[in-house]
Student: 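My questions all concern the structure below.
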Protein chains: 2
Amino acid sequence: MEKKFEILEKCSLFRGTKAEDIENLLGNLHAAERKYPKGSFVLRQGDVTDSLGILTEGALRIVTEDFAGNRNIISEIEPGELFAEVFASVKEAVISVDVEAEADSRVTWIKVREILENGGEKLVTSLLGVIAGKNLMLNRKIEHLSRRSTREKLLSYLTYEMRRKGSRTFDIPFDRQGLADYLSVDRSAMSAELSRMKRDGLIDYRKSRFTLYGEGEFDEATGPSPDFPRNTAIHSAKAEKSGIIEGQFCNNFSGKR
Amino acid sequence: MEKKFEILEKCSLFRGTKAEDIENLLGNLHAAERKYPKGSFVLRQGDVTDSLGILTEGALRIVTEDFAGNRNIISEIEPGELFAEVFASVKEAVISVDVEAEADSRVTWIKVREILENGGEKLVTSLLGVIAGKNLMLNRKIEHLSRRSTREKLLSYLTYEMRRKGSRTFDIPFDRQGLADYLSVDRSAMSAELSRMKRDGLIDYRKSRFTLYGEGEFDEATGPSPDFPRNTAIHSAKAEKSGIIEGQFCNNFSGKR
DNA sequence: TTCCTTTCGTTGTAAAAACAACGTACTTTT
DNA sequence: AAAAGTACGTTGTTTTTACAACGAAAGGAA
């Protein structure tokens with residue numbers, strides 16, 4: 001109990017706020033703590049919630065069910081982590097996953113409305129930033145997943161990492177299985193494709209350290225050259241029809257083209 | 001000029017706010033209007049912005065450049081549409097697209113900080129809702145794209161639409177090419193797969209009206225049966241390692257498993 | 001109606017991926 | 001140090017997809 005606010009201090013929502021201030025804040029926000037015995041459901045598919053949750057003790061497990069009825073663990077939640085904030089931020093959004101207590105757990109629930117009304121600018125900024133930041137990550141993932149071949153998926157991902165790290169040689173935060181899962185491809189097939197890409201002189205790698213040999217110049221200090229050769233094909237039928245990353249930037253989700 | 005606030009009325013950010021109130025609001029928010037001649041750049045890849053934009057006149061075009069340097073049109077923006085709100089909501093987020101004026105255009109720019117400070121609860125709620133809602137859509141798309149085969153992608157998507165419409169028979173908002181683009185598969189291959197699924201008795205369709213024949217009961221009135229057969233395989237290595245929809249629900253983007 | 005365009009399904013072929021199985025190298029445990 | 005476990009690459013086979021090309025059907029415009 002004494003550690004509770006120290007754990008909350010680690011939550012992305014409260015980044016930069018001291019434990020003692022969090023304590024006051026939670027009072028103003030009418031935060032509610034609930035206990036969940038091991039094996040119980042914290043949230044169920046089909047639920048609607050107006051509160052976001054922060055795990056303060058124990059461990060949770062996010063489980064989905066796909067169209068065939070197979071259940072898959074999406075992720076594990078550890079103390080200090082925020083969850084359900086997206087569903088809580090959309091009116092009447094139906095939760096599409098189950099959240100189960102993997103161990104005896106405690107969750108601090110905060111109503112999003114309370115944050116907006118009484119949380120203060122800093123907290124609201126934080127919440128908005130967390131959700132918008134997740135948005136960027138999802139978009140990036142879609143950009144990779146939209147590629148048709150494993151090679152293209154890999155190049156899309158590796159190019160992104162290269163640009164982010166600002167160097168042709170960089171480390172990735174995945175092992176092979178993790179990367180294959182992230183790109184939704186078969187591990188061994190991906191491994192084979194990596195080999196072929198190395199053979200073709202596109203990349204080099206050892207363990208999780210990759211080097212990408214692009215065509216354009218790449219100044220280690222300044223990032224990708226602005227003169228990187230471009231194949232501008234805006235007016236091709238394919239380009240005009242492509243909805244590759246629809247909604248990445250604006251709000252066109254109508255599905256019409 | 002006189003129509004300006006009527007156009008803004010249609011913006012998702014101001015849903016439910018009258019044109020006259022918007023006029024006052026924009027003043028308080030120190031909104032700035034800028035003109036962009038046809039062919040000029042509204043935003044460029046690599047930029048950072050602290051303002052979201054609303055197009056009030058003209059037309060914009062969102063263009064990306066992929067790892068190979070090919071430029072693709074992601075979407076077109078019409079008057080009343082919001083854009084760049086996600087990048088503007090994340091501190092120092094680097095914009096990954098170009099925004100070009102397709103015609104002579106006017107954009108109303110609003111600083112996100114102004115919205116948070118002076119926009120009032122309603123506007124902040126709206127902004128948060130828009131971004132969180134987009135988040136849900138992106139997650140859904142990732143769920144479909146993560147499927148390995150075209151058949152699975154289709155079933156994932158069609159099952160979602162079925163549940164959403166609450167009926168085995170439903171219309172989808174895509175034509176074939178649109179659906180293929182959304183699922184990032186080849187149109188003709190998808191068409192062929194749809195035929196096979198029809199042959200196999202999984203689905204039926206005519207034009208954009210589909211019927212899905214699942215195994216479980218499906219009560220037209222009440223939605224999917226809670227007793228839908230489940231194949232719970234939580235403890236399989238595959239399930240435990242799958243990062244299929246990582247970040248859908250919580251904030252595990254570390255990439256580590 | 002006739003012509004033209006768009007949409008959709010079909011087919012064959014070449015390319016790519018999934019899958020399963022296995023060997024090796026590297027780590028961790030005992 | 002030996003044993004056990006894990007991560008990674010490789011290979012061969014089967015399945016699936018992309019791609020290109022084509023024809024039929026539907027819808028619009030002249």
Student: Show your working on salt bridge (charged side-chain N to carboxylate O under 4.0 Å, His left out) between B:R187 and B:D181 and close with a plain yes or no.
Tutor: CA-CA 8 Å; B:R187 180 199 60 79; B:D181 287 344; over 6 Å; no
Student: So, is A:R148 close to the D:dA18 phosphate, meaning a side-chain N or O under 4.0 Å from OP1 or OP2?
Tutor: yes
Student: I'd like to know if B:E152 and B:R147 make a salt bridge, using a cut-off of under 4.0 Å between side-chain N and carboxylate O.
Tutor: no
Student: Base, sugar-phosphate, or nothing for A:T150, non-hydrogen atoms under 4.0 angstrom?
Tutor: sugar-phosphate
Student: Does B:R151 put a side-chain nitrogen or oxygen below 4.0 Å from OP1 or OP2 of D:dT16?
Tutor: no
Student: For A:K207 and B:E152, find the nucleotide of DNA chain D closest to each by heavy atoms; which residue's nucleotide sits nearer the 5' end?
Tutor: A:K207
Student: DNA chain C: B:A189 or A:A189, which has the more 5' nearest nucleotide?
Tutor: B:A189
Student: In whole Å, I'd like the distance from the CZ atom of A:R199 to the P atom of D:dT10.
Tutor: 11 Å
Student: Between D:dG9 atom C1' and A:L179 atom CG, what is the distance in whole Å?
Tutor: 15 Å
Student: Whole angstrom is fine here: how far is it from CG in B:L194 over to C1' in D:dT17?
Tutor: 14 Å
Student: Answer yes if the side chains of B:Y160 and B:R140 hold a donor-acceptor pair under 3.5 Å, and no otherwise.
Tutor: yes
Student: Without decimals, in angstroms, what is the distance between B:L154 CG and C:dC8 P?
Tutor: 14 Å
Student: In terms of side-chain geometry, is the basic nitrogen of A:E100 or A:R71 positioned less than 4.0 Å from the acidic oxygen of its partner?
Tutor: yes
Student: Whole Å only: how far is the CZ atom of B:F174 from the C1' atom of C:dT7?
Tutor: 16 Å
Student: Rounded to whole Å, please give me the gap between CD in B:E193 and P in D:dA18.
Tutor: 10 Å
Student: Choose from C:dA18, C:dG9, C:dC19 the nucleotide whose nearest atom is closest to any side-chain atom of A:V185.
Tutor: C:dA18
Student: Choose from C:dG9, D:dT10, D:dA18 the nucleotide whose nearest atom is closest to any side-chain atom of B:D186.
Tutor: D:dA18
Student: How long is the line joining CD of A:Q177 and P of C:dA18, in whole Å?
Tutor: 12 Å
Student: With a 3.5 Å cut-off and heavy atoms only, can you find an N or O donor on one side and an acceptor on the other between the side chain of A:R187 and the base of D:dG9?
Tutor: yes
Student: Once you measure the plane-to-plane angle for A:H144 and A:Y157, does it fall in the parallel (<30°), tilted (30-60°) or perpendicular (>60°) bin?
Tutor: perpendicular
Student: Reckon A:S149 touches a base, only the sugar-phosphate, or nothing at all at heavy-atom distances under 4.0 Å?
Tutor: sugar-phosphate
Student: Round to a whole Å and report the spacing from CZ of A:R176 to C1' of C:dA25.
Tutor: 13 Å
Student: Out of D:dT10, C:dG9, D:dG9, which has the shortest distance to the side chain of B:S195?
Tutor: C:dG9
